[in-house]
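Here is the structure we will look at.
In this text the structure is predicted, and so the values were computed from the model without any measurement. Just so you know, residue 1 is the first one in the sequence shown, and it goes up from there.
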Amino acid sequence: MKLDLKNVKQIVTIICGAILLGSGAWYAMEIVMEDQSLSSESSPLPTASLPQSTAVEAKTEVVAEGETDAEMQIETDSDYPPSAMVEKSPGQLIDEIITASGLHKQIREIPDKIMMGAKQSSAMPRNPDAVKQVEKIMSESFKPEHFHQRIRKALLKDFDHDRIAGLLEFYHSPLVRKMQAFEQRDIQSDALESFMDRLIHAPLSEERFRLVREYDSATNITDFAVELVTGTTRAMMMGATSGDMNKMTAFDADFAKHRKDLTDTMRNVMLVTLVYVYREASDAELAEYVDFFTSEDSKWFETLSMATLLEEFHAGAQFAGERLAALTQTKHASAEESARTTTEVQHNDTAPDTPRKTRAPTLTARSNLDARMCLNLASNAEIQRCAEDFR
């Protein structure tokens, strides 16, 4: 298997500032759905192995001058001695592993990634007021505390003290602290582009690429990112179509046809990103890190965590989609009522005045007679009464 780096480069450069679940995921979806030049047919992940290369070693870039491993700052509370774990309650141990594993940081960032995807969606309205309403619905549908509560409840339900204690011991190790420091540094666009250029001309060793592939597979990073993209896109489309069942069925069918292309492209993006993130780690360090994530205990934790996060995400996406559809329906109804009222007013303003109808004279059998005969009568009163019959 190898990476089609020339095609992936234009996607990966979008990732700057967001590691692993960043904007590259959303951008990859737009490329796959709208431009088949990056589909699996035109730029697949072939099964052929990467050529060996000594030009690009594990350490392709050195740490910034004056910066040491000990000086790297990471966002984790990993300073608990393993011996203190036995005195802690299940709830305390769960809170600790959510923090030490970096899961708390991922949970905190998920709503931002979802909002990023919503803003990039072609279904996002252009009207500023409508945009604010959509953003409000999305932010209320995906709250960090909802993800945290669900993951904590799942870990309490399936609590295993020995497993969690063993996982915490590794998460507190110097190796993990070092790797987490790599993961939490910002990506500079110029450095990433320079790194990509070097990879195009001097590919990675097969061993290095195998390690990042195994890490992606063990942690389900790509699959999780694909779910975020597809779920967010579907919620936005529910709003754009007012929840029309026929249109959503057609959308789901069309998306299913592109899902493999989307996954392949995003996996390429993720693998290159992982290579860049861990570029300063040695092969031995990365191998030890990957071995941990492929262990049974880590697989248990990763599988449970990802499944729970996706459960909460899908519930939020359905809730958001229904609210967006209701919002669109309300706007359409208001627009139709406004248009109908405007038409009626315009019709009343432009209608021509109706001429007043005049009463036609009543004709009688005597109408054809000459009224002058009344003049022969003796008095004026008689003449007047006689003339009335001729009107």
Report task. State, with a plain yes or no, whether a side-chain heavy atom of T263 is found less than 4.5 Å away from one of T265. Result -> no
_Using modelled atom types and a 3.5 Å cut-off, is there a donor and acceptor pairing between side-chain atoms of T99 and backbone atoms of D95?_
yes
Is N220 reaching over with its side chain to a backbone N or O of M306, donor-acceptor style, under 3.5 angstrom? no
Nearest heavy-atom approach of A100 to L168 is CB-CD2, 4.0 Å
Heavy-atom nearest pair, A320 first then M138, reads CB-SD, 3.9 Å
4.5 Å side-chain heavy-atom contact, N268 and D264 | no
Correct closest heavy-atom pair for F319 and S141 would be CD2-OG, 3.4 Å
**Item:** Side-chain (S139) to main-chain (K136) donor-acceptor, under 3.5 angstrom
**Value:** yes
Applied to residues 114-135, the salt bridge (charged side-chain N to carboxylate O under 4.0 Å, His left out) test, sequence neighbours excluded, yields K119-E135
| message | Main chain of Y276, side chain of R279: is a donor-acceptor contact present, judged purely on distance under 3.5 Å? | response | yes
- For residues L286 and Y215, determine if any side-chain heavy atom of one lies less than 4.5 Å from a side-chain heavy atom of the other. no
Next item on the list: Check whether any side-chain heavy atom of S298 lies under 4.5 Å from a side-chain heavy atom of L167, and answer yes or no.
Entry: yes
Q.
Checking side-chain polar atoms at under 3.5 Å, does W300 have a donor or acceptor matched by the opposite partner on D158?
A. yes
Going through the distances and angles, do R210 and E206 end up as a salt bridge (Lys or Arg N to Asp or Glu O under 4.0 Å)?
-> CA-CA 6 Å; R210 181 190 68 79; E206 184 176 353; over 6 Å; no
Note to self: Please report whether the ring centroid of F292 lies less than 6.0 Å from that of Y171.
What the structure shows: yes
Keeping the roles fixed (side chain from H148, backbone from P144), state whether a donor-acceptor pair exists under 3.5 Å. no
For L274 and V212, the nearest pair of non-hydrogen atoms, with its separation, is CD1-O, 3.8 Å
Please answer whether the main-chain N or O of V290 pairs with a side-chain N or O of T294 as donor and acceptor at a distance below 3.5 Å. yes
Margin query: If only side-chain N and O atoms count, and only distance matters, is there a donor-acceptor pair under 3.5 Å linking Y278 with E285?
Written below: no
Do side-chain atoms of H146 reach the backbone of F142 as a donor and acceptor pair under 3.5 angstrom? no
* Does the side-chain hydrogen bond (donor to acceptor under 3.5 Å, both in side chains) test come out yes or no for S194 and R198, once each step is laid out? -> CA-CA 6 Å; S194 176; R198 288 198 299 274; 3.0 Å; yes
Worksheet item: Between the side chain of T232 and the main-chain N/O of A118, is any donor-acceptor distance below 3.5 Å?
Response: no
Any carboxylate oxygen within less than 4.0 angstrom of a Lys/Arg side-chain nitrogen, looking at R163 and E296? no
Presence of salt bridge, E183 and R177, under 4.0 angstrom: no
Salt bridge check: are R152 and E145 linked by an N-O gap of less than 4.0 Å? no
Exercise. Do any N or O atoms from the side chain of T230 and from the backbone of E227 form a donor-acceptor pair under 3.5 angstrom?
Worked result: yes
Check your understanding: Salt-bridged, E302 to K299, with N to O below 4.0 Å?
Key -> no
**Prompt:** Are side-chain heavy atoms of Q92 and E96 found at a separation under 4.5 Å?
**Reply:** no
Give the C-alpha distance, both sets of side-chain angles, the deciding distance and a yes or no for side-chain contact (heavy atoms from CB on, under 4.5 Å) between M236 and V134. CA-CA 9 Å; M236 294 296 294; V134 171; 4.1 Å; yes
### Task
Please step through side-chain contact (heavy atoms from CB on, under 4.5 Å) for the pair V275 and L271, ending with a clear verdict.
CA-CA 6 Å; V275 169; L271 293 178; 5.6 Å; no
Just by distance, do the side chain of E312 and the backbone of F147 share a donor-acceptor pair under 3.5 Å?
no
